[in-house]
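Read the structure below first, then the notes.
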Amino acid sequence: MAGLKESPLHCSARESPPFSVLRQAPLHRRVPGSPSLPGRTVVHLGDAGRREPVQVENVHAILAAAASRFTPQHLDHLFTLVSQSWESASDRYREKLLELIGKIGKDDRSGKTASKILDLLWNLAHLPHVSREMVELALDAHSSILIESYSTKEGERRTYIGKCVEDIRKGVWVVPGFKQLHRFAKGFYKTNYGQKDQHQIAELQRQYDLLRQTCASLTKCHSKALKECEVKGESLGGETLVDGKYSHRECVDIHLKFMAFLLQDGALYVPTKRAFDIWDTLIANPNACDMDRKLAFKWFDVGMGDMELETQTQLFQTRVLKVDPLKLDQAGYQCLRNFFETINLAERKLRKVSSAYHSIIVETPDLTGIDYLWMAALEVRDIKIADELIGNILQISYQGLSPKLKKDVGSLHQRFFDECFKRLDNLQLPTEGEEPVVVTTPSKTGPSTSIMDINLKLQSVERLLLLLERYITVAEENYHFLRHYPPHGACFLGHPITLSISPDQHKSEFKLECHANESILSVRRRIAQTLGVGQEQVQMGISERWLEATDNNRLIHQLKFKEHQNIIVKTNLYARGNETTEGTSQRQSLGQEQEKSLPGVILSRQKAVFDRLEDLCQMSSSSIIFRVRSLLMLIPTDPRPVENMEIFTHTTPQGASEDPQSPASPHTVLRDYFDPAKTTPTRLLYSLEILSSRLIPAGDREVDEGQPQLFRRNFLECGGLKSVINVLQRNALPSDVDLTVRQDCYAIALALARFLLCNQATLSPAQRVPYRQLSLPVSSQSGEGSTGGTSGRRDTGSSEGGAEPMLAETTGDRPKVTKVMSSEDEVARLTIETMSVDDFATMLAYLVRVCWSAAAGQLHLASISDSQPPSPALHHRGNRDTTPTSLTERVAGQEGEGGGAGRSAQLRAGICLKQETDSVSSKNAAIAREALELLVTCLKLRSHLLNMFYTLPHTEDFVIDILLGSPHLQIRLSVVEQLLQLCSVNIAPPPSLSSDSMPVKRAKTSQVESPRHFFVHLLLKRPQSLWDTRLEPKKHGQLVEWERCSEYFEFRAQLLQNLYALDIDSLSVDVHAMLKEELRWLSVSATPATTSYPQWQTLLAGHLRLTLALFTSTNINKQEFGHDLALQLVATFLFPASKMILDSVEPTGIVSVSPHCSQPPSRISAYCLLIELCRGCYDNLVGVAKQLVKLHHHDNPQFAKEWEFQPPVVGRSPCGYVGLKNAGATCYMNSVLQQLYMTKPAREVILSAPESDAEGESILPEVQSVFGHMLESKLQFYAPDNFWKTFKLWGQPVNVREQQDAYDFFCNLTDQIDEHLKKLGLPKVFEEIFGGAYLDQKICRDCEHTYDRQESFLSVSLPVKSRSLQESLKEHVKGEMLEGENAYLCEKCQEKRDTLKRMCFKTLPPVMVVHLKRFDYDWEANRAIKFDDFFEVGLHPPTKT
C-alpha cells in the first residue's frame, strides 16, 4: 500500500487503514479449484479512469454478480485492486467503487465479507480528509448492508448503535452519527406490516438515555458554534460551518428530527427538564440566531402532543409567555397560538366545536395568556403576524364568545374600549409639545435605544387604533337597518369616483357616478333603478369576490375601489321582493333600538374620545394620523361641533342667533373651528367635513329639503365663505403637515367654496363638459369695458412679499347693493361681488397657488413662501433675434439657483415639466381641477376685475406651465375647458353702488383686457422648442414638451378658430404671418432624426391642428396658401409608398417610405386639415381628388383576376412589427412563421445561414426572405408569394385556399430547415432551441427503486380539457399505477411491486413549444369535436425534482 501515501485514504499508524483489513492474500495468488478473476476484468478495474462509464458499470455489475462465488483470497485480491483504483480515481468513479463494495456486502451470505466491508466503510467515513459527499455515500452503503443484508446479526447492529452513541457523546462525529443512528433505529425495528416496534425504540432509550444525550449534544454543539463565530468575528447563522463539513442549520435540524423520531415512533413523552433545555438553548438564549428560534418553534408546535399536560402548562407559563414579541416569526406565532389554544382548552376556558381554529367558543373571558396576546399584537414586527394576532383578539373578544357572554353587548363593547385605552395610557406617550423622536441619527452599532423605544410605542398606538377600527367593523357588519346615527364617513361627500357597471343578460355596460363615501347599499339601489329591478334582485361582485349583505353599510373607500372600478352585476328575478310597509317599520323600530348598542355609537358618546384621538394626531406620525382618520370615519360625528354649527340654522340676517340658549356666536364658531391659527390641521379637516355634511348631506338620512339651503344662506351672510377660502392661504397649514390631511383639507374647502358660490357639488370627470363642445363668440365684443389693447393691464391691488393676508370679515360693514336679493344664489353672488379688491386678489392668489402646486404633484409648495422674482417674459414669436425660451431652458436656468431635480422648494416656471408622468396622484389632479374651476367661477362673477388676475405674480408662468407641462392629462384637458369658458365671458361693468355705501378699493376698470386677447398674446410668446426647425431632441425635457403639447395646441387653435376681420383687429394678430410660419415648419421639420420619436407625432398633430384653425380665418385664401400643402399632405404626410410606386422609383437599398403622419393622432389631424382645405375651395378639392385617384385607383392588369387587392400604402406599425398577408387560408402559416421569427436564436441562425449550392429546391432561402422583410420592411405587411409556391406539405404543394393544421406545418417546416442546415454542416437549430428531454420513470412503491429512461422531444402536445396549462401539464406527467396483475417486476428486488409509471420533464429546452389539442373525434357520433372552453396559460413544468 505504498502507493497510498498521497491518497485520500492514506492513514497514520494510529488510524485503521480502510482497505488494510481486506488485504490478506498476495495479488496473483490462485486457489486451486476456485474460479479466477478474468484478466480483462483486472485490466478494466485498473484503468477504469480511462474507460467509458458504461464499460465501468458493466464490469462492476459482473463483479457484483460473481462475488458470491469468490473465495476469500479472490475477495482480498479484488479489494486490493479497489484500493489501488481509489488512489487515482475521480469522485465520480469513487462513487461507483462504493456502490460496488456496498452491493457485494449486501449480497454476502457468510457474514465475514459483510463484516469486513462494514468496518471498511465505517473507517472511511471517519477519515478527516474525506469529502462530505464520500462520507454520505459510505454511510448509505454501510446502513444499507447493516439493515438489508441477511448475514448481519443483531449483535453487530447493536455494536454500531453503541459506536454512534459514543461518537455523539464525545462530540467528534455528531451530524453523521445522528444520521446513522436515525437510519439504524428506523430500519432495524420494523414489523411485518412496516410499522415501527415501539418497544425496541423504548429499549434503546432506556439503554442509552438518548433523549438526555441528544439534548446535551445540542447544547454542546450550539456552544461550539458560538465559539467558532466568536473566533472568526462573525455572527451566528444557519450557514455557519461547525466542523468544516456540516452547517449549523444541519446540526440543529438533525438533533430536533432525531428527538421527534424517538418521541413519536417510540411513544415517549419529553421530560419537562429536556423541554426546558431545548427552549433555553435555541429560543431563550440571547445568542441564538433567527434560524435557531424558527426550527425550535416548529419543533415545539408539531411536538406538543409528545408532552404531558403538566409539561405543556409549565412551558407555556414560564417560557412561551416570556418570549420577546420582537423575536416572534411565523413559526413562533403558530407555536404561541397552538399553546394558547391547548392550555385554555384543557382549563375549559375554551370549547372547540370543530377542527378549525375560528370555531372555538370562548366560555370565560379570563383566558390564560390573553395579556401576552395583546402585547404581541402591539409589538411584533411582522405585519402579517400582527394582523393574525389582531384577528385572534377579535375572535376571543367578540366573534367567538358564547351566547351567555353576549347578553349585554353594550357592556361588552365598553370593556373592550376600556382595555384599549388603558393600554394606550400605559404606553406613556410624549405629551403635546414634545418631539416624539429624541435622537435622529443612529449610532455606529445600530439605532439608538430611544429611537427604538419611541418607534415601538408609535407602532403600538397604530395597532391599538387598528384594533378599534376592526372591532367596530366586525361588530357592525351584520347590522342592515337604516342608520339614525350614521358613521361620520357616511355623512359628507367624498371625492368623485366613476364605477363601470357590467350587467348580465346581454345588457350594455354603463357608468355610475358615485363618491368615495357612498355606501354599497346606495350603489345597489341606484343600479337596480337603472336596470328596472328591485334592489333585492341585484347581486354585485368585483374581480376578487361577490359582495355580501354584510357589505351594504360599508363605504366605497373602505372597499378600496379605484377609478373606473368594474362592478359585475347579476339579476336574480326570483329573489324575495320588498316587505310590506308595516313589516318594514317594525324592523326599523327594532333596528333603532339595536343601533344604540353598536360599538361605534357607544364610543362616540364618550366626548373625551375625540380629544384623545386629536392628541394622537399631534404625534407627527402619518400612519397614526391615517388610523385616527379611519377610526373617525366609522363612528358617529362628534356632537359638540355639530351642536355649535346649528347656530347657522337659527341665525338672523343681522348675525344674531334666534335661539336664546345658544352660547356661541357665528363669529366665535367660525374662529374656533375654521381659523387655521386657532386649531390644528386635523381638527380643521374634521370641522370642514362636518360643515360639508350640513351643506351637502350624503347617505340615506332623512333631511329637510330646505334646511341645507337655509344653512347655506346664513353661513354666507355670516362670512363663512371667507373662512372656507382662508383654508387655502399659504400659512393655513404647516409645510410639514401630513400629505393626506393637506389633500383632504384643500379638496373639501374647494368643494365647499364651489357649492357656496354655485350651489353645485363637485362634478366627476365624466360629468364635465368636454372642451370640444364649448364655443367662443363668433366675433369679439367691443362694448364698454373691453378693448383690444393692452394698456392698463399692470394696475394691481394685490400685495407682494411676506405672509399672505387673510380675507377680512365683512359681515357688518358690507356695502349695500341696489339689487334685491331674492334667493340663495343671489346671496352667493353678492358675497363675491362685494368682496374688496384686495380680498379678491388674495383669493385669486390662493387658488392659483393651490392649483399650480397640485398640478405639479407638489402640493406642499402651496405653503412655502415665494421669494423668487417673476421669470422674464417670454419672447414674442416674431422677434427672430431673441434667444429661444422653452420651458426646458427656463427650468435648467432655475435649477442652477438651488432647485435641483428632486422636491422643488418653490413654485416657479417649469415646475410641472420636471415631474414624471405618474407623479400626480388622482387626488392632486382633482384638487387642481377644482381649484381651477373655482378660479374661473370667481373671475366670471367679477369679470371687471380680470386685470387683477392678469397682474398676479407668475400668472403667465402658471398658465403655460399647467397647460403645457402638467404630467396629468385630465388636468391639461380641464385647463383648456376652463380657460375657454373664461374666454367666452363678456366683461361686465363694475356694480353700481349707492351713495351711502362704504367706499370699496378696486382696480381701474376703464380698460379691461378681454380674456381671449390676453391668452392669445400669452400663447404667442410660446416656447421656441415647439417651433424650432432643428428638431434633434437631445434633452429629455424637450421630449416631455412634445409629449404634452397636444392640449396647448388645441387651446391655441380654439382661440384662433373662425376669426373675422373684426376679431383680427381686436386681437391684434397677424394671421398671414402665423400661417406662413406654420407652413415653413411643416415643410422642413420632418427628418429621420425626429420622425422616429413617438413624441414628435404629437407635436406634428398639434401643428396640423393649429394650421387648420388658421385656415378657417376669413381673410385667408385657401387656394393660394393651401393648394401645395394639400398635395404635400397626400404624397408625403399620408401616402409616400403609393407615391413611390406611382413614380416607378427603383430604390437603391432600403428606402424609408414611412409617412410623416405614422400614428392615429397625427393622421387624423392631417385628414381634418385636408377636409378644411377642400371646404369652399373647388381647386383644392379637384387637386386632392385627382391625386388620390392616381395613387390608389390606377388600372394594373397584374391584379385583374384578384378578387381582393389592397395596395401596400400603409407604413410599418408603431409597435415596430411587420405583418404577413393572408392568401385566403394561410393563417396557420402566418402564425407559425411569426412565432419562429420572434424566437431570436432561430431568427439569427436562419438569417446568417450561407447560400446553398446543393441541387434541388429548399425552403430555407424563402424563409430567409420572409424573415428579412419582417425585420427591415417599412411597409405594414409582406406577401410571401414565393414561400407559398415553394413549400411542400408531406411532399405536396399547398393550396393557399385550403386550411391546414398549424402543428403539422410547424413539424414539416422545422424538419426541412434542420435537414438543410445539416447538409450545410451547421447544427440543427430547432433541436438546440426547442429540444428537451423526457424522463420515462418507473418508481416502485415499496422498495423505492427507480428506473429511468430518457427520451427527446421538440414539442409537447397537451389536451385543453383542463382549465389551465398548469393542470394539463400535471395530467401529462400524472402517470398510472401498475398494480395487481399488472404489477412491475422490480429488477433489483426480483419481486413484483406496485409501481408508478409516468413521464416527466428531465431537461427543459430554452424555448418550449406547447401544442394545444383543441380537436377530438367522437367515434360514436362519427364527427369532429372542438373544445371552446376557457383555458388559462401559465407555465411551470414539473421536473424530476
Side-chain angles (χ1 to χ4, degrees), residues 178 181-182 185-186 196-219 221-222 252-285 288 291-325 327-352 355-357 360 367-373 376 392:
F178 270 113
L181 187 59
H182 196 181
K186 287 177 62 177
K196 303 295 185 300
D197 189 346
Q198 298 177 350
H199 299 290
Q200 295 289 347
I201 298 177
E203 178 64 25
L204 286 178
Q205 163 64 18
R206 286 192 294 270
Q207 182 178 355
Y208 297 105
D209 197 2
L210 293 179
L211 290 177
R212 183 184 63 81
Q213 293 283 359
T214 305
C215 290
S217 175
L218 177 62
T219 303
C221 289
H222 197 275
V252 174
D253 188 55
I254 192 61
H255 281 85
L256 297 179
K257 283 184 177 179
F258 181 70
M259 187 172 293
F261 163 75
L262 292 177
L263 297 173
Q264 295 171 9
D265 292 6
L268 303 175
Y269 286 101
V270 58
T272 304
K273 180 65 169 61
R274 303 301 164 226
F276 284 179
D277 291 342
I278 298 175
W279 188 279
D280 294 340
T281 301
L282 298 179
I283 298 178
N285 189 349
M291 185 275 305
D292 293 333
R293 287 187 288 270
K294 183 177 181 179
L295 293 178
F297 280 135
K298 287 183 178 180
W299 188 85
F300 279 103
D301 183 29
V302 175
M304 190 174 301
D306 300 321
M307 303 177 193
E308 295 179 341
L309 179 60
E310 183 180 356
T311 303
Q312 294 176 353
T313 304
Q314 293 184 21
L315 189 66
F316 181 60
Q317 294 179 350
T318 63
R319 295 297 189 275
V320 177
L321 298 183
K322 304 298 182 181
V323 176
D324 186 356
K327 297 180 180 180
L328 276 181
D329 56 5
Q330 190 65 35
Y333 161 71
Q334 295 293 339
C335 180
L336 168 65
R337 191 183 74 171
N338 199 358
F339 266 102
F340 178 83
E341 177 185 347
T342 302
I343 298 303
N344 284 281
L345 284 173
E347 296 176 355
R348 297 186 178 182
K349 296 179 179 180
L350 295 178
R351 176 167 53 87
K352 204 166 190 177
S355 58
Y357 178 76
I360 290 179
L367 300 177
T368 303
I370 184 64
D371 288 337
Y372 181 82
L373 213 63
N392 296 335

**Fill in**
Between Phe300 and Cys335, the two heavy atoms sitting closest are CB-SG, 3.9 Å
**Asked** Do side-chain atoms of Ser217 reach the backbone of Gln213 as a donor and acceptor pair under 3.5 angstrom?
**Response** no
**Asked** Tell me, do Thr368 and Phe316 make a side-chain contact under 4.5 Å, heavy atoms counted?
**Response** yes
**Item:** Residue pair Thr214 / Leu218, side-chain heavy-atom distance below 4.5 Å
**Value:** no
**Prompt:** Does the side-chain contact (heavy atoms from CB on, under 4.5 Å) test come out yes or no for Tyr208 and Leu181, once each step is laid out?
**Reply:** CA-CA 12 Å; Tyr208 297 105; Leu181 187 59; over 6 Å; no
**Prompt:** ring-ring contact (aromatic ring centres under 6.0 Å, His included) with Phe297: which residues, sequence neighbours excluded?
**Reply:** Trp279
**Request:** Specify the closest pair of heavy atoms between Gln264 and Val302, including all atoms of both residues, with the distance to one decimal.
**Result:** NE2-CG1, 4.3 Å
**Fill in**
Heavy-atom closest pair (Leu282 atom, Ala296 atom, distance to 0.1 Å) is CB-CB, 3.7 Å
**Prompt:** Are any of the side-chain heavy atoms of Ile283 and Arg319 separated by less than 4.5 Å?
**Reply:** no
**Fill in**
Output for pair (Asn338 CG, Ile343 CD1), nearest 0.5 Å, gives 9.5 Å
**Message:** Once rounded to the nearest 0.5 Å, what's the spacing between atom NZ of Lys273 and atom SG of Cys215?
**Reply:** 8.5 Å
**Asked** What's the shortest heavy-atom distance between Tyr269 and Leu263, and which atoms?
**Response** C-CD2, 3.8 Å
**Item:** Validation row: Leu336, Leu373 side chains within 4.5 angstrom (heavy atoms)
**Value:** yes
**Prompt:** More than 12 non-hydrogen atoms from neighbouring residues, nucleotides or ligands closer than 6.0 Å to NZ on Lys349, yes or no?
**Reply:** yes
**Request:** For the pair Arg293 (side chain) and Ala288 (backbone), establish whether a donor and an acceptor sit closer than 3.5 Å, ignoring hydrogens and angles.
**Result:** yes
**Prompt:** Excluding sequence neighbours, so at least two apart, what forms side-chain hydrogen bond (donor to acceptor under 3.5 Å, both in side chains) with Gln205?
**Reply:** Asp209
**Message:** Evaluate Leu262 against Ile201 for side-chain contact (heavy atoms from CB on, under 4.5 Å), listing each step before the verdict.
**Reply:** CA-CA 7 Å; Leu262 292 177; Ile201 298 177; 4.0 Å; yes
**Request:** Determine the minimum heavy-atom distance between Trp299 and Leu256, stating which atoms define it.
**Result:** NE1-O, 3.0 Å
**Asked** How far apart are the C-alpha atoms of Lys298 and Asp301, what are their side-chain angles, what is the distance that settles it, and do they pass the salt bridge (charged side-chain N to carboxylate O under 4.0 Å, His left out) test?
**Response** CA-CA 5 Å; Lys298 287 183 178 180; Asp301 183 29; over 6 Å; no
**Prompt:** When rounded to the nearest 0.5 angstrom, what is the spacing between CE in Met304 and CG in Leu315?
**Reply:** 8.0 Å
**Request:** Can you label the angle between the Phe258 ring and the His182 ring as parallel, tilted or perpendicular, going by 30° and 60°?
**Result:** perpendicular
**Request:** Of all the heavy-atom pairs spanning Leu328 and Tyr372, show the shortest one and how long it is.
**Result:** CD1-OH, 3.9 Å
**Request:** Have a look at Gln314 and tell me which of Gln312, Gln317, Glu310 forms a side-chain hydrogen bond (donor to acceptor under 3.5 Å, both in side chains) with it.
**Result:** Glu310
**Message:** To the closest 0.5 Å, what do you measure between CZ (Phe340) and CD1 (Ile360)?
**Reply:** 9.0 Å
**Main-chain N/O of Leu367 paired to Asn344 side chain as donor or acceptor, under 3.5 Å** = no
**Asked** More than 12 heavy atoms of other residues, nucleotides or ligands under 6.0 Å from NZ of Lys257: is that the case?
**Response** no
